Participant: 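Structure in structure tokens, see below.
This is a predicted model, so every value here is computed, not measured. Just follow the structure's listing: the first ligand is 1, and inside any ligand the first atom is 1.
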Amino acid sequence: MPGIVLVGAQWGDEGKGKITDLLADDMHVVARYQGGNNAGHTIIYQDKVLKLHLIPSGILYPHIISVIGNGVVVNPAVIVQEMDELNELGISTENLRISHNAHIILRCHEVLDGLSEESRGSFGLGTTRRGIGPTYADKAMRVGLRMQDLVYPRILEEKGRLLFKLKNEMIAGLYQAPPLDIDEEMEKLRHYADRLRPYIDDTSLIIKSALREGKNVLFEGAQGTLLDLDHGTYPYVTSSNPTAGGACTGTGVGPRDIEEIIGVSKAYLTRVGSGPFPTEQSNEIGEAMQKLGQEFGTTTGRVRRCGWLDTVLLRYAVRINTMTSLAVTKLDVLSQFDTIKACVRYKYGDELFEEFPVHQEIFSRCEPVYVDMPGWGIDISEATTLEELPPEARSYLQFIQEEAGIPVKIVSVGPERRQTIVIDGGERRLEERKFLFQDDLPL
Ligand code: IMP
């Protein structure tokens with residue numbers, strides 16, 4: 001029955017793509033449960049760079065059914081482009097299934113995302129401007145367009161035109177920006193509907209059938225725990241639920257269908273966009289992490305803010321997701337430091353916080369309390385077992401494990417598959433593939 005959730009323990013970009021790849025051999029279905037084209041992976045496939053924002057990376061494996069769950073918001077232009085790019089590389093998209101209940105990102109949502117960010121000025125959230133928030137807002141307002149509306153031309157015509165009319169009123173009335181040409185947008189939608197119709201399916205049933213047959217299903221979260229709309233650092237969050245519970249609501253399975261929850265955490269911490277970040281290093285340490293960890297965006301050019309690992313946040317992520325184990329990524333990036341720091345408590349006035357404080361006021365003004373640990377100072381990127389790691393690196397992993405209260409089962413020490421340490425019973429099947437997960441897509 002095993003349903004396994006893979007969830008980011010931080011603010012996204014933890015390197016979930018590589019971990020999905022490690023688990024893929026044993027999976028029958030890989031399902032994305034939330035987010036949209038605000039996330040993704042960069043994959044090197046036969047010397048070509050492939051950027052997948054929306055289609056689950058399961059598509060690279062012919063034995064896997066790739067599901068886009070109902071909790072995902074789908075931009076038809078983006079998904080069709082990704083399908084074309086995959087097909088051009090000779091990768092079939094036959095095994096792609098899109099939930100009939102997934103909501104659709106339209107041009108008006110992208111425009112409104114940008115206008116809303118601009119009108120907020122210095123209070124902007126630093127969104128990816130991909131229309132994510134406005135699409136989820138329409139879902140909650142019950143005016144959104146869903147994938148199933150693409151199936152019947154009459155319904156598409158009615159609902160599509162109504163939505164564009166409502167959104168044009170906002171664009172032109174509220175923001176005094178030029179409204180969209182509705183006929184033109186509807187024409188595009190009809191074209192995408194023809195392309196996507198064959199892929200629209202009852203994905204909840206597909207997943208349940210696989211689970212019933214005892215097959216493995218991987219529920220792949222985008223972004224991370226701290227970007228969760230309910231449990232993250234609101235308002236500097238995304239508009240969906242990346243946390244493990246989102247796997248249920250976002251695909252149509254129940255909590256009892258989930259057996260394992262693997263949290264992915266970098267050995268340090270990064271954040272894109274605005275919002276508090278207690279352990280941020282706006283100095284040469286942060287710059288060194290950025291440089292060696294390649295923490296900058298090739299898509300939007302945005303640099304990821306970098307800082308030391310924060311175990312207050314990590315413990316919170318373990319709790320909120322009921323994680324069963326951890327995958328620690330990019331440990332090699334810390335090899336350059338003589339001393340490694342990690343935050344274990346927050347200090348606010350005279351008060352010490354062991355748990356993530358509920359008040360944003362405290363989180364945004366607290367001082368991190370650090371422990372210092374000796375660095376290892378040597379290259380660890382070729383280590384394939386725990387024993388091959390220097391004692392200081394092993395101690396650091398032990399520290400993470402103790403603070404988190406769950407075992408570290410996977411450690412990544414470089415981008416290649418072979419640069420992975422699988423701990424404790426996990427099988428090491430790390431033969432090179434035709435493709436390589438280079439990074440989570442920098443946005
Ligand atoms: P939105 O998801 O585009 O609405 O952006 C809301 C916040 O989430 C912004 O701070 C983004 O930078 C952040 N965000 C969204 N997707 C990702 C991601 O995949 N990695 C890191 N940050 C993200």
Side-chain angles (χ1 to χ4, degrees), residues 6-20 32-42 51-57 71-75 78 103 105 109-118 120 122-140 220-243 246 250 264-266 268-277 280 290 293-307 313 317 329-330 360 364 437-443:
L6 191 75
V7 58
Q10 301 174 325
W11 276 294
D13 310 313
E14 297 93 350
K16 296 179 288 293
K18 181 175 165 178
I19 310 301
T20 304
R32 252 194 80 174
Y33 57 85
Q34 44 72 231
N37 56 318
N38 50 348
H41 312 296
T42 311
K51 290 178 194 290
L52 289 184
H53 292 278
L54 212 43
I55 298 184
S57 46
V72 177
V73 284
V74 181
N75 183 322
V78 173
H103 278 247
I105 302 179
H109 296 121
E110 293 173 318
V111 169
L112 284 166
D113 200 356
L115 290 170
S116 157
E117 277 291 278
E118 270 149 40
R120 293 176 71 130
S122 60
F123 295 100
L125 302 171
T127 75
T128 58
R129 300 189 180 215
R130 305 273 159 93
I132 309 295
T135 306
Y136 280 115
D138 279 356
K139 177 178 178 175
E220 194 183 28
Q223 289 90 39
T225 302
L226 302 168
L227 288 173
D228 187 279
L229 179 61
D230 289 84
H231 303 290
T233 48
Y234 190 90
Y236 303 102
V237 292
T238 193
S239 307
S240 62
N241 292 110
T243 46
V264 188
S265 169
K266 274 182 202 172
Y268 50 101
L269 188 53
T270 64
R271 173 163 208 176
V272 195
S274 320
F277 180 174
E280 181 169 17
Q290 251 158 30
Q294 302 261 301
E295 303 291 0
F296 33 76
T298 48
T299 311
T300 61
R302 288 208 284 179
V303 171
R304 292 183 192 143
R305 300 154 65 193
C306 293
L313 292 180
T329 58
K330 291 191 155 182
Q360 195 195 347
S364 58
F437 279 81
Q438 194 191 40
D439 199 357
D440 279 351
L441 243 194
L443 290 158

Participant: Side-chain contact, heavy-atom cut-off 4.5 Å: D138 with H109?
Facilitator: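 Sidechains of H109 and D138: in contact.
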Participant: Checking side-chain hydrogen bond (donor to acceptor under 3.5 Å, both in side chains) between E295 and each of R305, Q290, K330, which is the one that passes?
Facilitator: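 Answer to the side-chain hydrogen bond (donor to acceptor under 3.5 Å, both in side chains) test with E295 among R305, Q290, K330: K330.
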Participant: Need the ligand 1 atom indices (1-based, order shown) with element for anything under 4.0 Å from a heavy-atom of L125.
Facilitator: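 Matching atoms, with element in brackets: 9 (C), 10 (O).
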Participant: Got a second to check how far R130's CZ is from T238's OG1, nearest 0.5 Å?
Facilitator: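 Interatomic distance, R130 CZ to T238 OG1, rounded to 0.5 Å: 11.5 Å.
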Participant: I need the D113 CG to E118 CD distance, nearest 0.5 Å.
Facilitator: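 Reported to 0.5 Å precision, the distance equals 10.0 Å.
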Participant: Which one holds for W11 and ligand 1: side chain close, backbone close, both close, or neither close, with close meaning a heavy atom under 4.0 Å?
Facilitator: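 For W11, the contact with ligand 1 is made by the backbone alone.
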Participant: Heavy atoms only, cut-off 4.0 Å: how does V237 contact ligand 1, side chain, backbone, both, or neither?
Facilitator: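 Contact part for V237 vs ligand 1: backbone (N, CA, C, O).
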Participant: Could you grab the distance from atom OG of S240 to atom CG of N38, nearest 0.5 Å is fine?
Facilitator: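 S240 atom OG to N38 atom CG measures 7.0 Å (nearest 0.5 Å).
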Participant: If you round to the nearest 0.5 Å, how far is NE2 of H231 from OG1 of T243?
Facilitator: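 T243 OG1 to H231 NE2: 5.0 Å, rounded to 0.5 Å.
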Participant: Check whether any side-chain N or O of K266 sits under 3.5 Å from a backbone N or O of D13 as a donor-acceptor pair, and report yes or no.
Facilitator: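 A pair under 3.5 Å: yes.
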Participant: Once you restrict to heavy atoms under 4.0 Å, what part of N38 touches ligand 1? Side chain, backbone, both or neither.
Facilitator: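 Both backbone and side chain.
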Participant: Show me which atoms of ligand 1 lie under 4.0 Å from any heavy atom of Q223.
Facilitator: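 So the atoms of ligand 1 that pass are 15 (C), 16 (N), 17 (C), 18 (C), 19 (O).
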Participant: I'd like to check which ligand 1 atoms, numbered from 1 as shown, lie under 4.0 Å from a non-hydrogen atom of G126.
Facilitator: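 Selected atoms, number and element: 9 (C), 10 (O), 11 (C), 12 (O).
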Participant: Considering the heavy atoms of A39, write down every atom of ligand 1 situated less than 4.0 Å from one of them.
Facilitator: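 Answer, ordered by atom number: 19 (O).
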Participant: Can you tell me if E117 uses its side chain to pair, donor with acceptor, with the backbone of L125 under 3.5 Å?
Facilitator: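 Confirmed, E117 side chain pairs with L125 backbone.
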Participant: Is there a polar contact, in the sense of an N or O pair closer than 3.5 Å, between Y236 and ligand 1?
Facilitator: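 Among all N and O atoms of Y236, none is under 3.5 Å from an N or O of ligand 1.
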Participant: With heavy atoms under 4.0 Å as the rule, classify the contact between R130 and ligand 1 as side chain, backbone, both or neither.
Facilitator: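 For R130, there is no contact with ligand 1 at all, from either part.
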Participant: Do ligand 1 and T238 have nitrogen or oxygen atoms that lie under 3.5 Å from each other?
Facilitator: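 N/O-N/O distance below 3.5 Å exists for this pair.
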Participant: For ligand 1, find out whether one of its N or O atoms is nearer than 3.5 Å to an N or O atom of T127.
Facilitator: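 No; every N/O pair is 3.5 Å or more apart.
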Participant: Determine, using heavy atoms of R302 and all atoms of ligand 1, whether some pair is separated by less than 4.0 Å.
Facilitator: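 Under 4.0 Å: yes for R302.
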